[in-house]
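Presented below is the structure to which this report refers.
Side chains included, hydrogens not; waters and symmetry mates left out as well; all remaining heavy atoms used.
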Amino acid sequence: MERDELAGWLRLTLTPGIGDITARKLLAAFGLPPQVFAQPEAALQQVVSQAQAAALRQTPSGLSSMVDET
């Protein structure tokens, strides 16, 4: 798995308020994690709550180091 792909999957699973069911909804609506994170907040809000959409726009702290460790 390439670094960017791994980062996308980790970011999706580490985003607060995004569990398995919500992640599946996002993936079904937009495709793989890079496509999910490329969406504007308004598009995300059509699938998830406003708070979840805002959380998806933030990069979890320590993501880069976690990717480097794997």
Side-chain angles (χ1 to χ4, degrees):
M1 182 178 299
E2 291 190 27
R3 187 180 199 288
D4 290 341
E5 185 180 357
L6 177 60
W9 284 105
L10 282 172
R11 182 176 171 188
L12 185 62
T13 60
L14 294 173
T15 300
I18 305 298
D20 292 342
I21 294 170
T22 304
R24 280 190 225 119
K25 287 181 186 178
L26 290 162
L27 294 169
F30 303 116
L32 294 173
Q35 288 83 24
V36 171
F37 295 113
Q39 301 302 312
E41 195 165 329
L44 294 171
Q45 287 180 24
Q46 293 179 5
V47 179
V48 298
S49 72
Q50 183 178 4
Q52 290 169 316
L56 287 163
R57 305 301 295 160
Q58 305 296 316
T59 302
S61 63
L63 178 65
S64 183
S65 62
M66 283 185 248
V67 172
D68 291 340
E69 290 175 7
T70 39

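Side-chain atoms of Q52 come within 3.5 Å of backbone atoms of G17 as a donor-acceptor pair (strictly under, hydrogens ignored).
Scanning all heavy atoms of the two residues, the minimum distance from L32 to W9 falls at CD2-CZ2, 3.9 Å. Closest of all the heavy-atom pairs between A55 and P16 is CB-O, 3.6 Å. Heavy-atom minimum distance, S61 versus M66: O-CE, 3.9 Å. What you find for L14 and P60 is that their closest heavy atoms are CB-CG, 4.1 Å. In plain terms, the two heavy atoms of A53 and Q45 that are nearest each other are CB-CG, 3.6 Å.
Annotation: the span from F30 atom CZ to L44 atom CG amounts to 5.0 Å, rounded to 0.5 Å. Atom CG of D68 is separated from atom CG of L63 by 9.5 Å, given to the nearest 0.5 angstrom. The CG atom of L10 lies 12.0 Å from the OG1 atom of T59; values are rounded to the nearest 0.5 Å. Expressed to the nearest 0.5 Å, how far CD1 of I18 lies from OG of S49 amounts to 7.0 Å. Here CD of Q46 is found 9.5 Å from CD of Q39. Values are rounded to the nearest 0.5 Å.
Two residues are said to be in side-chain contact when any heavy atoms from C-beta on lie closer than 4.5 Å; R11 and P34 fail this criterion. Under the 4.5 Å side-chain criterion, counting only non-hydrogen atoms from C-beta, L12 is in contact with L56.
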